[in-house]
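This report concerns only the one structure given below.
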Amino acid sequence: MRSETPSAAAAPTDDSAPGDGLVRAGAIVFIVGAVATLVTVAPLFLGTEPFPTVAYLVSMLMGVGFLVAGAGVLRSITVQRRRARAVQAATVQPR
């Protein structure tokens, strides 16, 4: 009896949808911005010298990452809608 699971020698399938890369990249950029934000706020609580302006500019990456991830989600939605319309058009047959 054959096993229902694919063998280890089988080629891996690519399950990533369009926009997944943008969401991953946006998440990484967001995390970098969030860490930078925590670092720039820390001197306020510790009573030390504030960081230079560059550190505050890096903390703006948090918003950029959010926008990039949102663009990835919108791209994924667009592709899924196109596929759904194509399937619907293929199943509906004219009389």
For residues 58-87, tabulate all N or O donor-acceptor pairs below 3.5 Å that involve a side-chain atom, not counting sequence neighbours.
residue	atom	partner	partner atom	Å
Ser59	OG	Tyr56	O	2.5
Thr78	OG1	Leu74	O	2.8

Side-chain atoms of residues 29-40: list all donor-acceptor pairs with protein atoms under 3.5 Å, sequence neighbours left out, distances to 0.1 Å.
residue	atom	partner	partner atom	Å
Thr37	OG1	Gly33	O	2.8
Thr40	OG1	Ala36	O	3.1
Thr40	OG1	Thr37	O	2.9

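For Thr53, the side chain to side chain contact (heavy atoms under 4.5 Å, CB included) partners two or more places apart in sequence, or in a different chain, are Leu57.
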